[in-house]
Amino acid sequence: MSGGSPRRPTSFDVAERAGVSQPTVSRALSGSPAIAEATRRKVVEAAEALGYFVDERAARLRRGSTGTLAVVVICREGDSAASINPFAYALLGSVCVAASERGFETLVSFQAREADFFGHYQEQGRADGLVVIGTTTNTPAWEYFRSLESESRKVAYWGSPYEELEWVRSDNRAAGKLAVEHLLAAGYRRPCFLGALNTPQVQFTERYEGYAEAMRAAGMEPCLAPTVNAATREEEGRRAALRLIERAEDFDAVFAACDAMALGAIEAFAGADLAVPQQVGVMGFDDLVAGRFSRPPLTTIAPDPAEAGVALVGAVLDDAGGKLRRRVPVALIRRGSTLRA
């Protein structure tokens with residue numbers, strides 16, 4: 001019929017062109033060892049000539065797999081795409097790459113509002129499992145995804161505030177120790193931790209614990225510059241640094257719980273005419289791109305997002321039994337904010 005869309009070739013068309021049966025086409029294109037190699041080549045050539053492609057989704061569903069992993073990024077309600085922590089994007093990309101290397105596509109959702117929470121991808125047959133990442137400041141979101149936990153569901157979490165879930169995290173205590181060791185080696189004598197404790201952000205608390213342990217091992221008492229909630233992490237860091245200055249605290253360096261807070265602290269010190277790194281050293285955690293271009297460039301501790309993505313995908317797809325508790329190694333990245341001349 002003229003004017004209509006061309007008919008898509010079917011496996012029966014391939015069978016007719018190759019001179020075999022339709023079941024033979026199905027077996028040949030699915031890699032069945034029962035099909036002779038010469039027959040397989042003939043079928044493949046016929047399929048390519050006709051522009052026939054196997055419906056992978058249908059084939060996977062027949063094998064009991066969707067070939068898809070769902071990824072939910074938890075955001076703060078009201079956040080724009082630009083205000084989401086860039087590390088979440090790096091981790092999302094790493095999860096997608098790791099899934100692709102395992103032959104899976106990814107279905108990505110950004111969720112912030114309680115009315116929109118959704119995690120039943122397995123039950124609806126839309127995905128083989130779920131990876132949840134994002135901010136712990138959205139308590140209702142984490143309570144929702146925590147409530148979905150069951151033996152039959154395949155879910156892994158990054159940033160979970162709940163210990164009982166199947167999580168992957170940075171080696172936060174090692175990061176705290178690494179920060180103290182670096183600052184003391186750089187000549188600073190009173191490094192202070194900048195961040196909030198006893199909050200849903202368990203990873204911040206773990207970084208403080210590693211910092212405190214290293215301080216005591218060096219014969220010093222820990223110093224805490226607590227943050228309070230603000231519109232952004234940068235603002236939290238700026239306000240906490242200003243309080244340190246106003247109270248004339250005995251400090252000459254800060255290790256911030258995250259890079260965004262560290263960047264806010266640098267702004268506060270600049271406004272108070274405190275030179276970084278000569279008078280105050282500043283370092284953070286995350287290795288955000290913005291930190292590479294701050295003035296001075298920010299010393300940081302970097303988790304490995306690629307390894308984190310592999311671990312999260314593996315936690316969902318590999319049935320090792322029991323709950324996964326895995327920490328991703330971290331590395332120190334020295335830049336100008338702690339390198340005295």
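One is the number of the first residue; the rest follow in order along the sequence.
A cation-pi contact links Arg146 to Tyr162, judged by a cut-off of 6.0 Å to the six-membered ring centre and 45° from its axis. Annotation: cation-pi pair Arg207/Phe193 absent, no NZ/CZ under 6.0 Å from the ring centroid and within 45° of its normal. In this structure, Arg173 fails the cation-pi test against Tyr211, since its NZ or CZ atom is not both closer than 6.0 Å to the six-membered ring centre and inside 45 degrees of the ring normal.
Ring geometry for Tyr89 against Phe110 counts as tilted: the plane angle lies between 30° and 60°, on a 0 to 90° scale.
At a threshold of 4.5 Å between non-hydrogen side-chain atoms, the residues Glu236 and Asn229 count as touching. Residues Val202 and Glu163 have side chains in contact (heavy-atom distance under 4.5 Å, counting atoms from C-beta outward). A heavy-atom distance below 4.5 Å is not found between the side chains of Val155 and Val131. Residues Phe145 and Ile74 have side chains in contact (heavy-atom distance under 4.5 Å, counting atoms from C-beta outward). At a threshold of 4.5 Å between non-hydrogen side-chain atoms, the residues Phe255 and Pro191 do not count as touching. Taking the side chain as every heavy atom from C-beta outward, Glu267 and Glu234 never approach each other to under 4.5 Å. Two residues are said to be in side-chain contact when any heavy atoms from C-beta on lie closer than 4.5 Å; Thr68 and Phe104 fail this criterion.
Side-chain contact, Asp116 with Gln111: no donor N or O sits under 3.5 Å from an acceptor N or O. Under 3.5 Å, the side chains of His182 and Thr338 contain a donor-acceptor pair of N or O atoms. Side chain to side chain, Thr300 and Asp259 meet the donor-acceptor criterion of an N or O pair below 3.5 Å.
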Exercise for the section: Determine, stepwise, if the pair Arg239 / Glu235 fulfils salt bridge (charged side-chain N to carboxylate O under 4.0 Å, His left out). Expected result: CA-CA 6 Å; Arg239 292 181 184 180; Glu235 181 62 16; 2.8 Å; yes

Handout entry: Derivation of the salt bridge (charged side-chain N to carboxylate O under 4.0 Å, His left out) call for Arg189 and Asp250
Key = CA-CA 10 Å; Arg189 289 293 170 259; Asp250 178 21; over 6 Å; no

Practice task
Decide salt bridge (charged side-chain N to carboxylate O under 4.0 Å, His left out) for Glu37 and Arg40; before the verdict, give the C-alpha distance in whole Å, the side-chain angles of both, and the deciding distance to 0.1 Å.
Solution key: CA-CA 5 Å; Glu37 189 56 36; Arg40 190 189 319 282; 3.4 Å; yes

Handout entry: Chi angles and distances behind the salt bridge (charged side-chain N to carboxylate O under 4.0 Å, His left out) call for Arg327, Glu206
Key = CA-CA 12 Å; Arg327 295 191 180 276; Glu206 290 180 344; 3.0 Å; yes

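From Ile133, atom CD1 reaches atom CG of Asn85 across 10.0 Å, with rounding to the nearest 0.5 Å. Taking OH of Tyr121 as the start and CG of Leu130 as the end, the distance is 7.0 Å to the nearest 0.5 Å. Between atom CD1 of residue Ile301 and atom SG of residue Cys258 there is a gap of 12.5 Å, rounded to the nearest 0.5 Å. Note that CE of Met261 is 4.5 Å distant from CZ of Arg233, once rounded to the nearest 0.5 Å. Within the model, atoms OG of Ser337 and CG of Leu298 stand 4.5 Å from one another, a figure rounded to the nearest 0.5 Å. Atom CG of residue Leu332 and atom CG of residue Leu178 lie 5.0 Å apart, to the nearest 0.5 angstrom.
Among pairs with a residue in residues 303-315, those fulfilling salt bridge (charged side-chain N to carboxylate O under 4.0 Å, His left out) read Glu307-Arg326, at least two apart in sequence or across chains.
Around CZ of Phe118, the count of heavy atoms belonging to other residues, nucleotides or ligands within 6.0 Å exceeds 12. Summarising the local packing, CZ of Arg334 is surrounded by 12 or fewer heavy atoms from other residues, nucleotides or ligands at distances under 6.0 Å.
Between Asp13 and Arg8 no salt bridge is recorded (no basic side-chain N to carboxylate O distance below 4.0 Å).
One hydrophobic cluster, built from ILVMFWY side chains closer than 4.5 Å, cannot hold both Met215 and Phe251; they sit in different ones. Hydrophobic cluster membership differs between Val282 and Phe204, with clusters built from Ile, Leu, Val, Met, Phe, Trp and Tyr side chains linked at under 4.5 angstrom. In the hydrophobic clustering of this structure, Val316 groups with Leu92; members are Ile, Leu, Val, Met, Phe, Trp, Tyr whose side-chain heavy atoms approach within less than 4.5 Å, directly or through other members.
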